[in-house]
Structure formats: structure tokens, C-alpha cells
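Lettering follows sequence order; numbering is per chain, from 1.
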Amino acid sequence: EDQVTQSPEALRLQEGESSSLNCSYTVSGLRGLFWYRQDPGKGPEFLFTLYSAGEEKEKERLKATLTKKESFLHITAPKPEDSATYLCAVHISGNTPLVFGKGTRLSVIA
Amino acid sequence: GAVVSQHPSRVICKSGTSVKIECRSLDFQATTMFWYRQFPKKSLMLMATSNEGSKATYEQGVEKDKFLINHASLTLSTLTVTSAHPEDSSFYICSARVLRNEQFFGPGTRLTVL
């Protein structure tokens, strides 16, 4: 069964304290791995797509990396405004829906 | 680019009435759109996959007569909650699939049924 697991479920950081969120997957095929940010009461905001092992993408304080089994979302020197739920999802094949992990709730304390 | 809008953002209705939610891709054409439901502090729950010009594919346990989905054009999909009841109160989010299968989400619609 295709599965996406995110860890930790929740993470509390001090402002400036860098860390990483993990997304591990066991799927029959990978067409793309997606990272989203979701704020309370809003739809998920697209961050990155990664297509192949070894690929990396960066945006401001965020950097996403991909291996054959997992992806990491690295947050460098986070700020309180980075507090949100970060969702990982994989696209397996064709027109199938994304398979989502349960998310990591990140809190950054000033 | 890749903006998805939803309308309305919030709706309050009486039990027994029907509510229509629109999902539009503003700057691209989406052959496939998805409808999700989300309860407070819970994960997204896929309700259905909507393909332009064809019938939607519903996930197990989702009543197709209750949640009517129409994808009449490449930029518009609608979800109609028929004969709404308080248990249908939730946050409904649509998304649209675009180039290289990237998927973008709308801002969501908060439905409250009294």
C-alpha cells in the first residue's frame, strides 16, 4: 500500500533554531513529491515539487531535498511567521490523486 | 501564476438547503480538479476527483448524491452540498492539477449548517 509518513507530528523551535522535517514514503512509483504549507483556516500553499533523487530546491529559509526513500524540508534560522503545518504529498502515477502525509505542525517561538 | 480561487469563502445556511461552491483556475486550464474536506486540526480528506467533461470519481464513503460535482469547463468545477445538515459543516478545499502534475489549492470554503 502506498504510504507517506511525516515526522515529527509537531515541532517547537526557538526563533533562529534551524531544524528539519521528514517525509518518508513507500510507493509503487514516484512522479513527484510535493511540499505545502498550510495556515489555519486556509488552503495549502504550494512550496516545492521534487521529481528525482538528489534534487534540491530552495526558497527563502526553506530547502527541500529528495532521496529514493524520503524527503527533508530544512528550515534555516526560522522566524515566528514560519509557524504553520507543513504537508508532504506524493504523486504516484497518471491522474491519481496525491497521497498526503498527516503533516508536521511547526511552532516558532520568538 | 497558478492561482485557484473558491467562492464563497464562507457560507452559513439552514439545514435542508443546498449550497454550491465554485472552484476556478484563474490563469491556467485544469483538466483535473480535486475536492477535499478538512476537519479542525485534521488532515485533508479527498472527496472526489473531477475531470472536465466526465463524471467525477468519488472516494469510498462519499455520497455522490449528497455531494454533486460538476466540471463543466477547463477552468471551473463546482461542488453542491444537497440538503445540507449540521454534520456537513466543514472546511471544503479544491485543487487543480497543472503542468508536470503540480497541484495548486484554493483558499477553502467554510460551510456552517445551522
Side-chain angles (χ1 to χ4, degrees), chain A residues 1-11 21 23 25 27 29-52 55 57 59 64 66 71 83-107, chain B residues 1-7 9-10 21 23-25 28 30-54 56-60 62 69 71 90-112:
Chain A
E1 184 185 342
D2 300 315
Q3 205 164 11
V4 177
T5 304
Q6 290 189 245
S7 61
E9 278 188 31
L11 181 62
L21 313 183
C23 171
Y25 58 92
V27 297
L30 182 70
R31 292 191 66 173
L33 184 141
F34 301 80
W35 282 99
Y36 294 89
R37 168 193 171 129
Q38 187 176 24
D39 293 294
K42 296 188 178 180
E45 175 191 344
F46 173 80
L47 294 175
F48 304 108
T49 312
L50 301 167
Y51 293 101
S52 57
E55 190 174 359
K57 288 192 177 172
K59 179 181 178 181
L66 180 66
S71 176
S83 298
T85 295
Y86 290 85
L87 299 170
C88 170
V90 298
H91 180 212
I92 298 166
S93 65
N95 218 15
T96 56
L98 295 179
V99 178
F100 276 89
K102 293 186 176 181
T104 295
R105 289 192 314 279
L106 174 66
S107 300
Chain B
V3 178
V4 177
S5 71
Q6 276 184 248
H7 178 80
S9 56
R10 286 179 178 273
I21 302 170
C23 176
R24 293 182 185 272
S25 55
F28 64 97
T31 54
T32 306
M33 289 184 171
F34 303 89
W35 286 95
Y36 294 84
R37 184 174 181 175
Q38 190 173 37
F39 293 102
K41 297 188 178 181
K42 296 294 183 183
S43 302
L44 296 169
M45 185 183 79
L46 179 67
M47 299 175 67
T49 301
S50 168
N51 291 295
E52 187 264 338
S54 62
T57 302
Y58 290 81
E59 295 299 299
Q60 193 172 9
V62 178
I69 292 171
H71 193 160
S90 193
F91 192 52
Y92 293 89
I93 311 173
C94 74
S95 71
R97 184 163 276 170
V98 68
L99 295 171
R100 292 203 75 180
N101 297 302
E102 291 177 341
Q103 196 166 316
F104 298 91
F105 286 81
T109 296
R110 173 76 57 196
L111 170 63
T112 303

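Ring planes of B:Phe105 and B:Tyr36: tilted class, angle from 30 to 60°. Taking the six-membered ring where tryptophan is involved, the planes of A:Phe100 and A:Tyr36 are tilted, since the angle between them lies from 30° to 60°.
Only the backbone of A:Thr96 comes within contact range of chain B, with heavy atoms under 4.5 Å apart. For chain B, the nearby part of A:Gln38 is the side chain; its heavy atoms alone come within less than 4.5 Å. With a threshold of 4.5 angstrom between heavy atoms, B:Gln6 does not approach chain A through any atom at all.
Counting heavy atoms from C-beta outward, B:Met47 and B:Tyr92 have side chains that approach closer than 4.5 Å.
By the 6.0 Å contact criterion, NZ on A:Lys57 is enclosed, its count of non-hydrogen atoms from other residues, nucleotides or ligands being greater than 12.
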